[in-house]
Amino acid sequence: MDTPQSQESQPLKKSHKLHNVCYDIRGPVLDHAKRLEEEGQRILKLNIGNPAPFGFEAPEEILQDVMRNLPTAQGYCDSKGLYSARKAIMQECQRKQIPGVGIEDIFIGNGVSELIVMAMQALLNDGDEVLIPAPDYPLWTAAAHLSGGHAVHYLCDEQAEWTPDMADIRAKITSHTRAIVLINPNNPTGAVYPPAVVKEVLAIAKQHNLVVFSDEIYDKILYDGVEHTATGALADDDQLVITMNGLSKSYRCAGFRSGWMIISGTLAKLNAQDYIQGLNMLASMRLCANVPAQHAIQTALGGYQSINDLILPGGRLLAQRDITVEKLNAIPGVSCVKPKGALYAFPRLDPKVFNIKDDQQMVLDLLLQEKILLVQGTAFNWPEPDHVRIVTLPWADQLGDALDRFANFLSRYWQ
């Protein structure tokens with residue numbers, strides 16, 4: 001009787017679906033940072049918009065409501081979320097003049113991240129395309145690829161305060177294009193799009209029957225009197241808009257993982273019942289979102305908006321934005337468009353001055369020499385290695401010191 005010959009075990013490899021998926025905000029350079037921390041070195045992490053480590057704590061009123069409701073938050077809830085939380089979100093839509101949003105048009109998720117993946121999985125077939133801004137928040141690109149689709153990046157114009165390049169959008173629409181993504185206020189650039197710009201994107205989307213995904217997680221973090229208008233408030237009634245928002249940034253509840261997705265467009269919803277059924281199915285499969293954190297939503301949206309104290313003159317976030325822009329623009333060869341919103345700056349490093357060919361290597365070199373962790377611009381699907389993203393969450397004096405060290409690093413850096 002033949003005995004089977006032992007074979008060398010083959011290495012277990014990741015799925016092919018992950019080949020085009022990356023998230024370098026927490027990528028290889030962060031692994032080096034963790035190693036340095038394990039060696040006892042202190043790293044200033046300007047790589048992720050995580051408010052809590054920099055002293056931006058959740059409002060006490062929100063924490064109290066979550067704690068008071070813990071005894072009743074032990075079981076599953078409706079797959080779309082708690083009624084009281086969705087009712088508060090519905091009323092927020094009314095305040096923002098997004099018409100026709102009912103309780104059943106709102107899905108609560110474990111952060112916006114889960115809902116982005118869910119929305120893409122319900123929409124895309126293999127080979128479908130989604131228009132996503134460059135630079136982008138890279139989860140959008142990753143979710144498109146993970147869902148079997150392709151991310152096609154349209155350029156935002158740095159010379160026009162990082163607004164979308166409409167000609168580039170039009171040039172990149174094909175018969176496979178299913179949707180377009182707007183990130184407004186924008187991560188990583190801090191751009192806030194005027195209503196006229198959003199309307200032009202909506203007109204293009206309507207002409208080509210595209211779903212519009214609008215990521216508005218930073219809609220309350222605005223500077224210099226700039227106002228934000230919700231995409232859903234500007235769209236026609238026969239146009240499907242999926243709006244994403246949550247507690248992580250404006251309410252400093254990043255660890256709660258409590259976000260929501262809103263479907264608007266009364267006539268459009270009638271034509272999108274099959275897609276909405278797919279969203280319902282995916283929401284049911286994960287049973288429900290984190291129930292204790294949902295008890296924060298009603299209080300957050302209905303109570304005192306403490307974010308205003310931070311973005312007005314005298315507020316921490318405004319002061320930190322200002323010193324970041326001032327320090328960056330003072331560095332020879334560096335220029336930074338002033339962010340109008342969000343928690344980031346996206347400066348340009350002049351290639352003629354720095355000759356950077358590999359921006360990830362540059363970020364790693366900065367980490368090793370100055371113990372400052374940034375994220376390279378190509379991690380946000382920007383096509384050239386000439387930008388970095390800087391988180392503006394540390395205190396102004398801490399940011400000033402870090403950017404002085406960044407300037408010193410650049411003064412001697414060359415690839």
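All values derive from a computational prediction rather than experimental measurement.
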In a check of ring pair (Phe, Tyr, Trp, His ring centres under 6.0 Å) between H387 and each of F346, F354, Y344, F380, which one passes? F346

From L328 CG over to L349 CG, what is the distance, rounded to the nearest 0.5 angstrom? 9.0 Å

Check this for me: does any side-chain nitrogen of one of K220 and E227 sit under 4.0 Å from a carboxylate oxygen of the other? no

Using a strict cut-off of less than 4.0 Å between a Lys/Arg side-chain nitrogen and an Asp/Glu carboxylate oxygen, indicate whether D238 and K269 qualify as a salt bridge. no

Does a side-chain N-to-carboxylate-O contact under 4.0 Å join K45 and E37? yes

Distance to the ring centre below 6.0 angstrom and angle to the axis at most 45 degrees; does that hold for K80 and F107? yes

Partners passing side chain to side chain donor-acceptor pair (under 3.5 Å) against E326 (at least two apart in sequence or in another chain): none

Does this structure show an ion pair linking E38 with K34, if we count only N-O contacts that are shorter than 4.0 Å? no

Ion pair check, R86 and E104, cut-off under 4.0 Å: yes

R316 NZ/CZ over W395 ring centroid, <6.0 Å and within 45° of normal: yes

Is it true that E161 and K340 make a salt bridge, defined as a side-chain N closer than 4.0 Å to a carboxylate O? yes

Among D322, D397, D404, which one satisfies salt bridge (Lys or Arg N to Asp or Glu O under 4.0 Å) with K327? D404

